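It should be emphasised that the depicted structure is a prediction, and the values quoted were computed from it without experimental measurement. In what follows, chains are A, B, ... by sequence order, proteins preceding strands, each numbered from 1.
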Protein chains: 4
Amino acid sequence: MARGYEGEEKRDKRQMILDAAVKVFSRHGYHEARMEEIAAEAGIGKGTIYEYFTSKLELFQEMLNKSREVYYDSLEIDDKKKLSLREKIYFLFLSHIQFCRENKELTRIVFWDTKIMDEELKVWSYDKRKEKEKMFREEVREAIERREIRKVDPELVSLNVSGLLSALWAPITLDGWDVDPEELAEKLTDLIFAGLKPE
Amino acid sequence: MARGYEGEEKRDKRQMILDAAVKVFSRHGYHEARMEEIAAEAGIGKGTIYEYFTSKLELFQEMLNKSREVYYDSLEIDDKKKLSLREKIYFLFLSHIQFCRENKELTRIVFWDTKIMDEELKVWSYDKRKEKEKMFREEVREAIERREIRKVDPELVSLNVSGLLSALWAPITLDGWDVDPEELAEKLTDLIFAGLKPE
Amino acid sequence: MARGYEGEEKRDKRQMILDAAVKVFSRHGYHEARMEEIAAEAGIGKGTIYEYFTSKLELFQEMLNKSREVYYDSLEIDDKKKLSLREKIYFLFLSHIQFCRENKELTRIVFWDTKIMDEELKVWSYDKRKEKEKMFREEVREAIERREIRKVDPELVSLNVSGLLSALWAPITLDGWDVDPEELAEKLTDLIFAGLKPE
Amino acid sequence: MARGYEGEEKRDKRQMILDAAVKVFSRHGYHEARMEEIAAEAGIGKGTIYEYFTSKLELFQEMLNKSREVYYDSLEIDDKKKLSLREKIYFLFLSHIQFCRENKELTRIVFWDTKIMDEELKVWSYDKRKEKEKMFREEVREAIERREIRKVDPELVSLNVSGLLSALWAPITLDGWDVDPEELAEKLTDLIFAGLKPE
DNA sequence: TATGAATGAGAATTCATTCAT
DNA sequence: TATGAATGAATTCTCATTCAT
């Protein structure tokens with residue numbers, strides 16, 4: 001098989017640019033990021049980026065898009081249906097913690113300010129999140145019905161869980177909080193479930 | 001003494017500029033904001049801003065600084081000592097919800113991307129928040145001692161509450177979520193305290 | 001005589017501004033000089049300068065004008081007619097050297113780049129110099145006639161003397177060359193008169 | 001190899017910019033010169049200058065640097081050692097006069113106000129000139145030893161010659177003084193050597 | 001297809017000058 | 001008359017994007 005001197009590098013130039021974009025955008029933010037640095041990071045010429053993306057904005061959006069997809073995929077559990085809400089929330093925390101630790105650059109993008117998103121991406125982003133939240137609320141509702149949990153507003157539970165996910169990102173990614181993912185996930189799940197009530 | 005038609009206009013030009021800065025920075029973010037627009041918003045000439053602030057960055061930082069101070073001040077409760085943790089958390093949620101509803105532009109700034117903050121401000125900002133969180137953890141510890149709540153890691157409680165505060169901002173400010181502040185605060189406090197355990 | 005609290009300062013505000021201008025322009029050059037610094041140096045408000053001069057350019061030109069007048073006046077000898085050319089040149093060097101040592105700031109202006117002079121000042125400046133040089137050449141001619149010196153082109157003698165005057169300014173004013181004025185003037189006069197011919 | 005119509009245009013864009021800079025800076029001085037005019041003069045876009053020079057100041061300094069080098073090179077004589085001091089001074093005048101006539105724009109730069117030079121360039125400029133002057137004084141000393149000229153202070157001879165060189169620039173470049181270079185150089189050398197003493 | 005030199009629109013900032021007090 | 005806060009024209013420099021090679 002004749003791949004030539006390019007070796008393994010060839011794995012799709014488009015993806016190489018996206019990978020470089022994750023690094024550079026996460027280092028500097030959208031406005032401070034330079035197309036030149038992205039090109040250099042990808043090991044290609046400046047002009048080449050424009051063969052694959054029409055503009056800096058498009059590149060950013062596609063990169064953000066892809067990054068979120070990767071993140072959301074990491075949260076998926078195979079045999080969801082068979083798990084209790086408690087187990088699902090536990091795996092949500094666990095996956096999130098692990099993902100944050102393993103993809104610091106990428107998460108920086110995912111949980112970022114989205115000022116520069118255009119309407120189309122905003123819609124996609126909004127839809128994706130709303131869809132996730134809707135599914136989550138549905139699961140909360142079912143858990144209430146089957147008496148796994150007490151009668152609470154699913155909206156608030158969703159808010160609580162997503163708030164905790166965001167709040168976890170900073171200490172893990174920025175401060176390098178070094179805890180055992182499984183232990184932390186367990187404790188958080190317990191907090192959510194048992195609340196603060198004295199025994 | 002005839003101040004006459006000058007009325008409230010005169011209330012210190014520096015403050016007028018800061019107010020305009022809140023509006024414009026919250027509309028566009030730091031990089032997209034134009035000094036000219038800030039000047040126009042303040043109803044003054046472009047050059048005048050530079051009589052009060054040495055640069056765009058300095059203006060942004062001072063504005064952010066002031067805004068945070070205003071926000072944190074709004075969270076203060078007068079006779080803290082006499083309240084139970086439950087009541088304190090309730091007032092925290094209540095103050096936050098009310099503040100978000102009444103200061104949509106300003107909160108956009110307070111809960112924003114901090115990429116452009118310089119080291120000095122970062123420290124101030126960090127200190128302020130860490131101080132708040134430390135005080136909160138202390139209160140959690142005391143509540144545990146006096147058996148108001150069960151034995152939990154104060155760090156996680158802090159994370160839970162601050163996560164909820166951040167998570168509340170988006171629906172209130174962006175989506176215009178229209179709920180009764182007192183009712184919402186009550187529900188959230190209850191969620192935190194009672195958890196999801198079935199009765 | 002009631003001069004009031006202003007004391008000796010009152011000696012004409014216009015002149016105070018001109019004096020300040022000499023200092024500031026000689027410190028920074030025309031473009032780098034700031035009207036504010038001139039006002040501060042003169043101990044008055046920025047706006048006041050415009051009560052006496054219509055613009056920065058006018059102030060500069062008037063200052064340059066006055067400075068040159070002072071310089072040229074310092075070169076005048078009372079009873080010129082009775083001196084030999086040798087004595088006149090000696091006194092020219094002597095006056096120049098003494099003036100440079102005593103008025104470092106002012107000479108910096110006098111011997112400066114004149115890019116910013118407008119036509120009117122250029123003409124005045126040119127006229128003044130040409131007039132001086134013409135008078136000098138006339139004196140050279142007379143000295144030739146009365147056989148004080150040999151037959152030389154008066155133009156070249158004028159060039160030689162004025163060249164030496166300029167060349168002296170830098171070491172005296174910038175490097176602080178510290179020689180006895182009378183001795184230096186004597187040596188220079190001798191050089192001009194005796195040339196380099198071996199004895 | 002078909003270079004064709006590109007002709008001399010291609011002779012290094014950096015040099016084209018430097019040439020344009022000489023013209024524009026000599027026309028207006030440092031502060032009044034506009035980057036846009038330099039670009040236009042070079043027939044390129046404004047931004048292109050910044051591909052070759054980091055700032056206006058750097059461009060000016062490099063241009064000044066190069067110009068001085070060209071000037072000083074023009075003063076060099078091949079077989080210096082074999083000439084008498086009289087001949088050396090003659091060639092100095094001759095070279096200077098010819099250079100001034102042929103490079104009016106460039107000399108305007110070389111003999112200019114140096115307020116805007118930074119310390120580094122000042123040192124280079126100072127070194128170059130001091131070195132030249134030192135060499136010249138040494139040659140005067142040698143001429144004294146071999147009795148070509150009488151015993152005079154070499155410093156003053158140097159001052160005399162350099163003063164004349166500067167004094168020549170204005171009439172030649174500004175007034176367009178049109179004399180035969182060889183004749184003028186001869187006359188000046190004679191003046192320096194024979195002095196004004198009557199025969 | 002890949003490149004990077006060239007471009008110019010656009011933004012921050014400066015400072016002489018004005019003018020209400 | 002004296003002032004200095006306010007102004008905005010004017011200038012440098014940046015960087016996404018283009019396009020000839």
Side-chain angles (χ1 to χ4, degrees), chain A residues 6 13-14 17 30-40 42-60, chain B residues 6 10 13-14 16-17 28 30-40 42-60, chain C residues 13-14 17 30-40 42-60, chain D residues 6 10 13-14 16-17 30-40 42-60:
Chain A
E6 287 247 313
K13 200 162 283 191
R14 190 185 171 81
I17 295 170
Y30 179 75
H31 284 100
E32 303 279 75
R34 306 283 159 245
M35 292 300 269
E36 191 132 33
E37 190 177 347
I38 295 172
I44 57 167
K46 209 175 357 157
T48 309
I49 296 177
Y50 290 87
E51 298 291 326
Y52 296 88
F53 304 90
T54 61
S55 69
K56 185 185 184 183
L57 186 59
E58 201 207 65
L59 171 59
F60 177 80
Chain B
E6 286 251 313
K10 195 62 203 172
K13 195 154 292 187
R14 191 185 169 81
M16 282 169 64
I17 295 170
H28 305 295
Y30 178 74
H31 284 99
E32 304 279 71
R34 305 289 158 236
M35 291 302 266
E36 195 134 29
E37 189 177 348
I38 295 173
I44 57 171
K46 203 165 18 133
T48 307
I49 297 177
Y50 291 88
E51 296 286 321
Y52 296 87
F53 304 90
T54 60
S55 67
K56 185 184 182 182
L57 185 59
E58 202 207 65
L59 172 59
F60 178 79
Chain C
K13 199 162 285 190
R14 191 186 169 81
I17 296 170
Y30 179 75
H31 283 98
E32 302 281 73
R34 305 284 159 245
M35 292 300 269
E36 193 133 32
E37 191 178 347
I38 295 174
I44 57 168
K46 209 177 356 160
T48 309
I49 296 177
Y50 290 86
E51 297 291 326
Y52 296 88
F53 303 90
T54 61
S55 70
K56 186 186 185 184
L57 186 59
E58 201 205 64
L59 171 59
F60 178 79
Chain D
E6 286 251 314
K10 196 62 202 171
K13 196 155 291 190
R14 192 187 169 79
M16 282 169 63
I17 295 170
Y30 179 75
H31 284 98
E32 302 279 70
R34 304 288 159 240
M35 291 303 266
E36 196 133 30
E37 190 178 346
I38 295 174
I44 57 171
K46 202 166 21 134
T48 308
I49 296 178
Y50 291 88
E51 295 287 321
Y52 295 87
F53 303 91
T54 59
S55 68
K56 184 184 181 182
L57 185 59
E58 202 206 65
L59 171 58
F60 178 79

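Atom pair B/K13:NZ and F/dA5:P shows a separation of 11 Å (rounding to whole Å applied). The nearest whole Å value for the distance from the CD1 atom in B/I17 to the P atom in F/dA5 is 13 Å. For C/E58 and E/dT17, the CD to P distance is 10 Å, given to the nearest whole Å. Atom pair C/I49:CD1 and F/dG4:C1' shows a separation of 12 Å (rounding to whole Å applied). The distance between atom CZ of A/F53 and atom C1' of F/dA16, rounded to the nearest whole Å, is 16 Å.
Checking each of A/I49, A/T54, A/T48 against A/Y52 for a side-chain contact (heavy atoms from CB on, under 4.5 Å) leaves exactly one that passes, namely A/T48.
Atom CD of C/E58 has more than 12 heavy atoms from other residues, nucleotides or ligands within 6.0 Å. The 12-atom threshold is not exceeded at CD of C/E36, counting heavy atoms of other residues, nucleotides or ligands nearer than 6.0 Å.
Smallest separation of non-hydrogen atoms from A/Y50 and A/M35: OH-CE, 3.5 Å. Of all heavy-atom pairs spanning C/K56 and C/A33, the tightest one is NZ-O, 2.9 Å. Closest of all the heavy-atom pairs between D/F53 and D/I17 is CE1-CG2, 3.7 Å.
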Letter by letter from the 5' end, nucleotides 9-16 of chain E scores (B base, S sugar-phosphate only, - none; protein heavy atoms under 4.0 Å) BBSSBBSS
Intra- and interstrand pairs of DNA chain E - dot-bracket, Watson-Crick/G-U under 3.5 Å, | marks other strand
.||||||||||||||||||||
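Heavy atoms of B/Y52 sit under 4.0 angstrom from primed sugar atoms or phosphate atoms, though from no base atom.
Nearest-nucleotide positions on DNA chain E place A/G43 closer to the 5' end than the other of D/G45 and A/G43.
Ring-plane geometry between C/H31 and D/H31 is classed as parallel, the angle between the planes falling under 30 degrees on a 0 to 90 degree scale with a further cut at 60.
A distance-only check finds no donor-acceptor pair linking the side chain of A/K13 to the backbone of A/A42 [under 3.5 Å].
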